[in-house]
Amino acid sequence: MVGDKPLVQVKPHGAKADAKADAKPEKAAAKSAVGRNQPMAVRLQACLEIDDGTKERLNCYDEVIKPEPKQKAAAAKRVVDCKFTKEEDERLACYNGFVESMPKLPKS
């Protein structure tokens, strides 16, 4: 303490999350339903709750599988191969194709 004031002011953890939730409600809803401790398939399926064809859905997929675009990406054989697709529209279509065909996992 310096005089009667504390050296560090600590904000509660919920303060940051609340501010982000107000800014992007769709993204926050998908994130709050599924945490990073969940399997990749569950996190990818949570992205389906966001409107199709939007940048927000692509960002959701990209948060689960970090993109690593290549100039000439081979045809994707697995969902993780979609990260190599350079064009955003093609990458989104690639993710959608795999994730929509996945069997729905039970919610725990």
Side-chain angles (χ1 to χ4, degrees):
M1 296 196 72
V2 176
D4 60 343
K5 296 180 182 179
L7 287 176
V8 179
Q9 292 182 346
V10 180
K11 293 181 182 178
H13 285 30
K16 270 189 176 179
D18 292 340
K20 287 182 182 178
D22 293 339
K24 297 182 181 179
E26 290 178 356
K27 189 174 178 181
K31 276 187 165 183
S32 66
V34 181
R36 297 200 48 82
N37 297 340
Q38 296 291 323
M40 182 186 297
V42 173
R43 290 184 284 155
L44 288 170
Q45 288 176 343
C47 296
L48 293 175
E49 296 174 9
I50 300 171
D51 291 334
D52 190 19
T54 61
K55 179 74 172 165
E56 287 79 19
R57 185 183 277 195
L58 180 62
N59 290 341
C60 181
Y61 288 138
D62 286 345
E63 286 180 14
V64 177
I65 302 172
K66 185 179 176 192
E68 298 175 19
K70 293 185 177 180
Q71 288 292 9
K72 295 190 178 190
K77 295 181 182 177
R78 305 174 301 157
V79 70
V80 293
D81 294 339
C82 294
K83 69 181 178 181
F84 299 122
T85 306
K86 185 175 182 178
E87 291 294 322
E88 291 182 347
D89 291 338
E90 293 174 17
R91 191 165 70 243
L92 179 60
C94 180
Y95 283 130
N96 282 337
F98 282 105
V99 176
E100 290 172 352
S101 67
M102 285 181 189
K104 300 293 181 212
L105 299 171
K107 295 189 178 195
S108 51

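Residue Arg91 comes nearest to Thr85 through the heavy atom pair NH1-O, 3.3 Å, listed as atom of the first residue, atom of the second, then distance. The minimum heavy-atom distance between Asn96 and Asp52, with the atom names listed, is ND2-OD1, 2.9 Å. Across Asp62 and Tyr95, no two heavy atoms sit closer than the pair OD1-CE1, 3.8 Å. Closest of all the heavy-atom pairs between Pro103 and Gln45 is O-NE2, 3.0 Å. When all heavy atoms of Tyr61 and Leu48 are compared, the closest pair comes out as OH-CD2, 3.3 Å.
Within the model, atoms CD of Glu88 and CG of Asn59 stand 8.0 Å from one another, a figure rounded to the nearest 0.5 Å. In this structure, CD on Glu56 lies 8.0 Å from CG on Asp51, to the nearest 0.5 angstrom.
Between Arg57 and Leu92, some side-chain heavy-atom pair lies under the 4.5 Å cut-off. Within the 4.5 Å cutoff, the side chain of Arg43 has no heavy atoms near those of the Glu63 side chain.
Val64 pairs with exactly one of Leu44, Val99, Val80 by the side-chain contact (heavy atoms from CB on, under 4.5 Å) rule, that one being Leu44.
Contacts classified as salt bridge (charged side-chain N to carboxylate O under 4.0 Å, His left out) and involving residues 77-86 (residues at least two apart or in different chains) are given here: Glu68-Lys83, Arg78-Asp81.
By the neighbour-count criterion of 12 heavy atoms within 6.0 Å, atom NZ of Lys70 is sparsely surrounded, having that number or fewer from other residues, nucleotides or ligands.
For Ala73, the side-chain contact (heavy atoms from CB on, under 4.5 Å) criterion is met by Phe84, not counting sequence neighbours.
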